[in-house]
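Take a look at the structure set out below.
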Amino acid sequence: MTVHVIGAGVAGLAAALALAEAGRPVLLHEAAPNAGGRCRALPDGTDNGTHALLGANAAALGLLARIGALEGWVEPEPAGLPVLDLRDGRAFRVALSPLGWGNPALRPPGLTGGALLALAGLALPGRDRAVGPAMAAHPEFLRGFVDPLVVAALNTPSEEASANRLGAVLRRLGGRGATRLLVARRGLGPDLVEPALAAIARAGGTIRFGARLRRLVVQSGRVAGLDFGEDAVTFGPGDAALLATPPWESQRLLPQLDTPAGYAPIVNLHYAHPGPGPVRFLGMLDALCQWVLVRPAGVSVTVSAGDDAARQDQAVLGPRAWAELRQAALAFGLAGDWPEAPPPCRVVKERRATPRHTPGPPLRPPLLPLGNLALAGDWTDPVLPATIEASVRSGEAAARALLR
């Protein structure tokens, strides 16, 4: 009655925990030497990227609560998101919730009644189209609020991003506390991955690292075994598998599977620049840097939908991003020293960070492609964009399918 979960990214961790908590024996197989997938901690302790959650992410926050990690996620900017616009040097704050826009000091640039109605129109399900053209009549609001939101949530430029995917995000932001922005105080390792692994172990689950699945052994429409190369697993009665791998790996194992046609990169720069704290989170406009996360251990910059940045060398990216984030740090009076010379920098390029969320019918991969095989992964959600929230939802849904 063992369930073999393939892939220890967020979807696999969520699935393994749900299965183990339900009393099923779980063996979690991960090809890499560590867990987390595209939300992982690097060997030097930094994260591969800046991963933020919103109060609307009920599934992700629920997972954090169950693994005892919720207190590690903090709200760095409760007074509104600090934003520096490099076009004119203006430093201001923006409320992420429209309820806060009654305060003129917290309104996004270019906000008008017409712009707000256009944004509300995108929240309604309907014919899919690109966000940029749909908001073209409100260029300042598009530039100063909608585009940063789209790039952060969909990892796709507004000019080609799906309005329906954005609408799914907008519809979830109306509840109390839904727009609270949360980040891991120490990082993904100590505040997500390690607590999840510990919770799985407490529930009786086991994990194997360095175990790359070569192929699924399929007989009569069911998984009969798993081929890991040097060793193999033969399924007994009641055994099952849950595939929580990236789409290209899932398609390698299940060639008939439909997977995304294109992917978008995310580039992250991590500076060895410890400071006194506290945790801060800044946004930037007309800049290479989109988001700046300042922790006591160092500073990280995120460039989503980073096609151009992914083609540039570290020698170019590092000094340019440091000059921008230093300007933001000084504009908002962040604690610590901010010298002109950039500190040591590590660049991480996730070239296939997420699918490109463009208009059109969404993929709807089967939840159970084989009789005893469930499918999970952020890319499988036909409604939400590929995020931590989608990962958790998919992992838990796949686990429920095998428990029926």
Side-chain angles (χ1 to χ4, degrees), residues 9 32-34 36-52 83-87 89 143 147-148 150-161 183 187-189 246-248 260-275 280-295 297-331 334 336-357 386:
N34 45 33
R38 283 165 288 158
C39 289
R40 67 190 183 279
L42 301 174
D44 63 1
T46 58
D47 298 338
N48 70 320
T50 300
H51 300 274
V83 178
L84 177 66
D85 190 343
L86 289 190
R87 183 177 66 180
R143 170 184 173 272
D147 185 64
V150 169
V151 170
L154 276 66
N155 192 36
T156 305
S158 292
E159 292 76 14
E160 59 183 88
V183 297
L188 293 174
W248 51 91
Y263 299 89
I266 296 178
V267 176
N268 291 276
L269 298 91
H270 304 283
Y271 292 93
H273 183 68
R280 298 296 305 272
F281 193 84
L282 313 177
M284 300 190 72
L285 299 175
D286 265 23
L288 168 67
C289 304
Q290 295 164 353
W291 311 108
V292 178
L293 175 60
V294 181
R295 291 191 181 110
V299 183
S300 298
V301 168
T302 294
V303 185
S304 296
D307 295 281
D308 291 338
R311 291 189 287 266
Q312 297 184 36
D313 294 332
Q314 176 170 327
V316 174
L317 292 172
R320 178 184 170 192
W322 178 259
E324 292 180 354
L325 75 85
R326 176 179 180 271
Q327 189 173 344
L330 295 175
L334 268 59
D337 295 326
W338 298 93
E340 291 187 17
C345 174
R346 178 173 188 168
V347 176
V348 180
K349 298 178 180 180
E350 295 283 353
R351 298 185 184 276
R352 294 185 288 186
T354 70
R356 299 187 89 91
H357 293 303

K349 side chain vs A310 backbone, donor-acceptor pair below 3.5 Å: yes
- prompt: Listed by chain and number, what are the salt bridge (Lys or Arg N to Asp or Glu O under 4.0 Å) partners of R351, not counting sequence neighbours?
  reply: none
task: Begin from the C-alpha positions of V267 and V348 and carry the test side-chain contact (heavy atoms from CB on, under 4.5 Å) through to its verdict.
output: CA-CA 6 Å; V267 176; V348 180; over 6 Å; no
query: Side-chain contact, heavy-atom cut-off 4.5 Å: L84 with L285?
result: no
task: Measure from the side-chain N and O atoms of D286 to the backbone N and O of L86, and report whether any donor-acceptor pair falls under 3.5 Å.
output: no
- prompt: If only atom types and distance count, is the side chain of D337 paired as donor or acceptor with the main-chain N or O of P339 below 3.5 Å?
  reply: no
- prompt: Do R356 and E160 sit within salt-bridge range, that is, some charged N less than 4.0 Å from a carboxylate O?
  reply: yes
field: Test item: E324 side-chain N/O and L288 main-chain N/O as donor-acceptor pair under 3.5 Å
entry: yes
message: Could you measure the distance from the CD atom of Q290 to the OG atom of S304? Nearest 0.5 Å is fine.
response: 5.0 Å
- prompt: Can any side-chain N or O of Y271 pair as donor or acceptor with the backbone N or O of G318 at less than 3.5 Å?
  reply: yes
task: Would you name the heavy atoms of T354 and L154 that are closest together and state the gap between them?
output: OG1-O, 4.1 Å
task: May I ask you to test the Q314-R346 pair for a side-chain heavy-atom distance under 4.5 Å?
output: no
query: Distance from R295 atom CZ to R280 atom CZ, nearest 0.5 Å?
result: 14.5 Å
- prompt: Just how far is it from atom CG of L269 to atom OG of S300, taken to the nearest 0.5 Å?
  reply: 9.0 Å
query: Can you tell if the side chain of Y263 reaches within under 4.5 Å of the side chain of P247, non-hydrogen atoms only?
result: yes
query: Going by heavy atoms in the side chains, are P148 and W291 under 4.5 Å from each other?
result: yes
- request: Could you list the residues that satisfy side-chain contact (heavy atoms from CB on, under 4.5 Å) with W338, not counting sequence neighbours?
  value: H273, V294, V299, W322, L325, R326, A329, L330, L334
- prompt: In chain order, what residues pass the salt bridge (Lys or Arg N to Asp or Glu O under 4.0 Å) check against R311, with sequence neighbours excluded?
  reply: D308
- prompt: With a 4.5 Å heavy-atom cut-off, do R143 and R87 have their side chains touching?
  reply: yes
query: What's the shortest heavy-atom distance between A353 and P265, and which atoms?
result: CB-C, 4.3 Å
query: Could you give the distance from CG (L317) to SG (C345), rounded to the nearest 0.5 Å?
result: 8.0 Å
task: Compare all side-chain heavy atoms of V151 with those of T156 and state whether any distance is below 4.5 angstrom.
output: no
query: Would you say V83 and L282 make side-chain contact, with heavy atoms under 4.5 Å?
result: no
- request: Flag the pair V303 / I266 as yes when at least one side-chain heavy-atom distance between them is below 4.5 Å, and no otherwise.
  value: no
